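Below is one structure; the comments refer to it alone.
What you are looking at is a predicted structure, and each value in this text was computed from that prediction instead of being measured. In listed order, ligands and their atoms are each counted from 1.
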Amino acid sequence: MHEIILCKLGEVVLKGLNRHSFEAKLMSNIRRRVTPFGRFRIYSRQSTIYVEPVEEGCDITAAYAACRQVFGVIAIARAMPCSKSVEAILENARTYLGDALRAAASFKVETRRADKSFPMGSIQVSQWVGGALQDAFPHLKVDVHHPELTVYVEIREDAAYVHAPPESAAGGLPVGMGGHAVSLLSGGIDSPVASYMIAKRGVQLEMVHFVSPPYTSQAARDKVLQLARELTPWTGRLAVHIIPFTEIQEEIRRSCPEDHFTLIMRRFMMRLADMLARELRCKALVTGENLGQVASQTMDALRVTGEVTDLPVLRPLIGMDKEEIVRLARRVGTFDTSILPYEDCCTVFTPRHPKTKPNPEEVREIESVLDVEGLCSRAMASREMIRIHP
Ligand code: ATP
Ligand code: MG
């Protein structure tokens with residue numbers, strides 16, 4: 001018998017009648033993510049999804065790592081199946097968890113018995129296996145309250161399984177259950193983290209990135225594609241929509257007062273993201289904005305940039321400190337790419353004294369000299385789409 005992966009469901013199990021569609025979504029997300037590592041059978045029993053290799057040469061370590069990053073899985077373990085007798089379970093525990101048993105000072109055995117026809121009760125199994133393991137590893141003490149190692153035994157219809165304590169996994173909800181949203185992805189630290197956080201709530205993302213060649217380089221654009229690639233272990237495949245922004249920025253610079261450059265530029269970003277969202281049937285926008293971090297992220301500025309769309313603007317980082325965001329960026333795996341020193345279109349034409357308390361009426365008036373519709377539709381017409389796979 002081969003080692004298998006057990007994925008424990010998180011909040012998914014709480015979803016009452018929706019539970020089946022959540023489970024089905026989660027299983028299909030897991031299936032897609034493990035496919036590169038061999039053929040696996042994927043099925044669910046009692047709040048656990050089983051990922052079982054069905055051919056030689058499956059890369060179980062890679063499949064395990066991939067499953068650990070699938071939203072909806074709260075904890076994960078590798079387990080070794082064996083036939084359903086206490087002797088076989090004992091032998092399995094001795095060999096499969098031998099290293100862990102030798103390293104631990106105290107342990108306990110915890111048994112779950114889904115197969116009620118098994119002749120021993122779960123407490124009896126734990127006592128029998130625990131006693132025999134203590135004989136085999138005489139240094140071990142039994143500690144039922146705070147053991148260093150818990151040996152898990154699960155007795156199911158088809159087999160018994162032995163595993164060590166599960167490790168924590170991605171948590172959250174299966175991507176696709178929460179609808180679709182457009183996420184504004186820059187090359188910075190924040191927006192990849194914001195994207196991760198919203199994907200974690202089960203939202204399938206469409207990424208949009210604005211480029212201003214020749215002011216922004218190919219390297220800056222590649223960096224953003226790299227960030228998207230680094231998100232895919234969490235989000236699944238992504239489409240990055242690249243929208244040219246040069247004409248808009250040049251027009252703003254030509255016709256608007258300098259202290260309003262950034263605000264008006266941000267309004268265009270929101271408008272274009274809104275247009276894309278409508279085309280792709282997305283129901284919200286996501287940004288990495290954070291209250292007070294920069295001039296364009298004061299409450300007044302957020303009002304002015306948010307008023308050009310009536311979609312909800314999700315700003316999951318709004319109340320976080322930079323330090324917390326950085327910590328999360330490291331965990332997500334985007335930090336090292338984010339700090340590569342390439343320019344973003346936000347950093348070209350930056351005003352020396354940006355307006356922090358803009359007046360919405362004044363902004364609308366300043367903007368009225370621009371051909372907003374024409375600029376937006378030309379930008380939309382020249383966009384491209386790049387697909388990124390995990
Ligand atoms: P980040 O670290 O995400 O770049 P930031 O603190 O630098 O954020 P801004 O540059 O003001 O903040 O951008 C605010 C938000 O606007 C970003 O988090 C992102 O969602 C969006 N954004 C900024 N520049 C771009 C861009 N070139 N393409 C797409 N979205 C962008
Ligand atoms: Mg930025």
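- No N or O atom of G187 sits closer than 3.5 Å to an N or O atom of ligand 1.
- In this model, no donor atom of one side chain and acceptor atom of the other lie less than 3.5 Å apart for R229 and T337.
- Listed by atom number, the atoms of ligand 1 under 4.0 Å from T287 heavy atoms are 20 (O).
- Of all atoms in ligand 1, listed by their number and element, those nearer than 4.0 Å to a heavy atom of G288 are 17 (C), 18 (O), 20 (O).
- The two atoms that bring M320 and I325 nearest to each other are CB-CG1, 3.8 Å, heavy atoms only.
- Y43 carries R41 over the face of its six-membered ring, with the cationic atom under 6.0 Å from the centre and within 45° of the normal.
- A cation-pi arrangement is not found for R19 relative to F22, the charged atom failing to lie both closer than 6.0 Å to the ring centre and inside a 45° cone about the ring normal.
- Those atoms of ligand 1 that come under 4.0 Å of a heavy atom in V208, given as number and element, are 29 (C).
- Y152 and H163 have parallel rings, their planes meeting at less than 30° on a 0 to 90° scale where 60° marks the start of perpendicular.
- V203 is linked by a side chain to side chain contact (heavy atoms under 4.5 Å, CB included) to A181, I198, L205, counting only residues two or more places apart in sequence or in another chain.
- The contact set between ligand 1 and S296, taken as ligand atoms under 4.0 Å from a residue heavy atom, comprises 11 (O).
- Annotation: K322 places no N or O atom under 3.5 Å from an N or O atom of ligand 1; distance criterion only.
- An N or O contact shorter than 3.5 Å is missing between M269 and ligand 1 by distance.
- Close approach of ligand 1 to Q297 is summarised as follows: ligand atoms under 4.0 Å from at least one heavy atom of the residue are 6 (O), 9 (P), 11 (O), 12 (O), 14 (C).
- No more than 12 heavy atoms of other residues, nucleotides or ligands lie within 6.0 Å of CZ in R39, so this atom counts as exposed by the packing criterion.
- We find the CZ-OG1 distance between R112 and T48 to be 5.5 Å, quoted to the nearest 0.5 Å.
- If you number the atoms of ligand 1 from 1 as listed, the ones under 4.0 Å from a heavy atom of R266 come out as 13 (O), 14 (C), 15 (C), 16 (O), 21 (C), 22 (N), 23 (C).
- No part of T262 comes within 4.0 Å of ligand 1, judged by heavy-atom distances.
- Heavy-atom proximity to G188, at under 4.0 Å, picks out these atoms of ligand 1: 1 (P), 2 (O), 4 (O).
- With ligand atoms numbered from 1 in the order given, ligand 1 contributes 1 (P), 3 (O), 18 (O), 19 (C), 20 (O) to contacts under 4.0 Å with heavy atoms of S191.
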